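This report concerns only the one structure given below.
Model, not experiment: these values are computed from the prediction. Indexing begins at 1, ligand by ligand and atom by atom, following the structure's order.
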Amino acid sequence: MPQRAFHAFLPAGWTRGGEDDAHAASRWRLAGLPNLHSHAFQRAMAGLAERQSHPEDSFWTWRELMYRFAGKVTPDTQYAIACQLYAEMLESGYTTVCEFHYLHHQPDGRPYDDPAEMSLALAAAARDTGIRLTLLPVLYMTGGFDGRALSDRQRRFGHTLDAYLALLQSLRARGNDMLKVGIALHSLRAVPEAAMRELLAAVAGTPMPVHIHIAEQIGEVQDCQALRGARPVEWLLANAPVDANWTLVHATHLENAEVQGIVASGATVAICPTTEANLGDGLFPLREFLAAGGHWGVGSDSHVSVSPVEELRWLEYGQRLVTRRRNIAVSAGQPSTGELLYAQALAGGLRACGQSAAAESDFVLLDAHAPALAGATQTDLLDRYVFAGNRNLVAETHVAGHRVVAAGRHRNHDAIARCYQQAMAALLAD
Ligand code: NGQ
Ligand code: ZN
């Protein structure tokens, strides 16, 4: 068999690969993308919140449906859903996932016998599917900026700070090359200022990823202004040691000073375009943020889509629709929209996920025979990948030296799908 050269897109850009028998089937190798934001259980309600439930349906009415669904998930169904989700992520070209995990306790709020049980279900699903996991146990304490108690449906999410720190410690003890553990503050409305300060002080000596939902909805911006006297990002930058370890999830509603402040802090923004569109959040100020040199990556969040291509495409399309221009995500030295989007989502993703080995070892091979790539060159490959058609072009996915997807299918595709069908039957039964 004649050997064929291949081309690799790495964090540093394109390199011409050598003659490589193992990759002769594909000429196109791309570093795998980190998925910066996931609530795994929400995969199971994708498509089930698209019927009007209220004349003024909004993020907040969606949240009620989501809470009702969250109330039914058990450790077993959590595992089955996460296996299905992570297999889909690997098939679509994500090689690391940051799990923003707050479904900690039993439905009535009592901890499981092992308080880490729901977290461990996610870790087991990541291990069994072969995706890298950055597990971010979430601190969730109050039901609003006014400090009100958690509602009945939120009780599963809550911790005292001591109980949270015990969970964090038990999870960090299980960390390994494929499992990194950081922290998450659910949002400013769910974590009182004093608790935020105490948690950050408790982990101050140990650098780790810190993720937070912020400024996603206008209602949150208004409440923050009313109760803390500043906009959410403005308040956070003034009151927390935000630096390159931090990831601000959504950060949709920003004034220019906040854009500049995020960039100056070195934090990464996790933009979740398909979820933000689905929930009616608003549009991230991408042009201003890119012009300022900001770091960003993408997340699939509620998993109405599990495809990095679709996140990147809609990130650009949202901007085109409001500016009535084309090719927004470009720079002086980079006229290719697809390449700029992929390169920056990769760099920002690696920065935010805390997985140092991911950059060297994790990659996908694209289907060399796909019509969408016919005659492709390095110059147009990523534009074609991001913008042409909607067939998944990922043929193989390799993580940490293991081929977990071959011929477009996860190595346990069928068994995982069967287990997921059973879990869904149980979840939808009542
Ligand atoms: C979440 N999701 O935690 O799953 C949230 C909704 C909230 C998004 N923000 C709940 N997309 O923010 O209170
Ligand atoms: Zn989220």
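In this structure, W60 has no heavy atom closer than 4.0 Å to ligand 1.
Residue contacts with ligand 1 for F59 involve side-chain atoms from C-beta outward but no N, CA, C or O (heavy atoms, distance under 4.0 Å). Contact annotation: for L279 versus ligand 1, heavy atoms closer than 4.0 Å belong to the side chain alone. Residue contacts with ligand 1, taken as heavy atom pairs separated by less than 4.0 Å, involve W62 solely via side-chain atoms from C-beta onward.
At a cut-off of 3.5 Å, with distance as the only test, a side-chain donor of T275 or S302 sits close to an acceptor on the other residue. Between T129 and H410, the side chains place no donor N or O within less than 3.5 Å of an acceptor N or O (distance only, hydrogens not considered). No hydrogens or angles considered: a donor-acceptor pair under 3.5 Å links the side chains of N239 and R197.
Ranking the protein heavy atoms by distance from atom 3 (O) of ligand 1 puts H186 NE2, 2.8 Å first. Considering only non-hydrogen protein atoms, atom 9 (N) of ligand 1 sits nearest to E216 OE1, 2.6 Å.
Aromatic pair H213/H37: ring centres closer than 6.0 Å. Side-chain rings of Y385 and F9 stay apart, their centers remaining 6.0 Å or farther from each other.
Checked by distance only, ligand 1 and Y140 stay at 3.5 Å or farther apart across all their nitrogen or oxygen atoms.
The Zn ion (ligand 2) has H37 NE2, H39 NE2, H213 NE2 as protein N, O or S atoms under 2.8 Å away.
Every residue was checked against the side chain to side chain donor-acceptor pair (under 3.5 Å) condition with S187, not counting sequence neighbours, and none meets it. For E316, the side-chain contact (heavy atoms from CB on, under 4.5 Å) partners are R320, I328, A329, T337, L341, F387, not counting sequence neighbours. Residues that satisfy the ring pair (Phe, Tyr, Trp, His ring centres under 6.0 Å) test with F284, not counting sequence neighbours, are F289.
Each of Q106, R110, H105 was evaluated against D108; a single residue qualifies, R110, per the side chain to side chain donor-acceptor pair (under 3.5 Å) test.
Nearest residue to atom 5 (C) of ligand 1 from R63, H213, Q154 is H213 (criterion: closest heavy atom). Here atom 12 (O) of ligand 1 lies nearest to R189 when heavy atoms of E276, R189, E220 are compared.
A salt bridge between R231 and E255 is present, with a side-chain N of the basic residue lying under 4.0 Å from a carboxylate O of the acidic one.
Residue-ligand proximity, Q42 to ligand 1, at heavy-atom distances under 4.0 Å covers atoms 4 (O). Contact atoms of ligand 1 toward Y102: 1 (C), 3 (O), 4 (O) (distance under 4.0 Å to a heavy atom of the residue).
In this structure, R29 is positioned above the aromatic face of F363, its NZ or CZ under 6.0 Å from the six-membered ring centre and within 45° of the axis.
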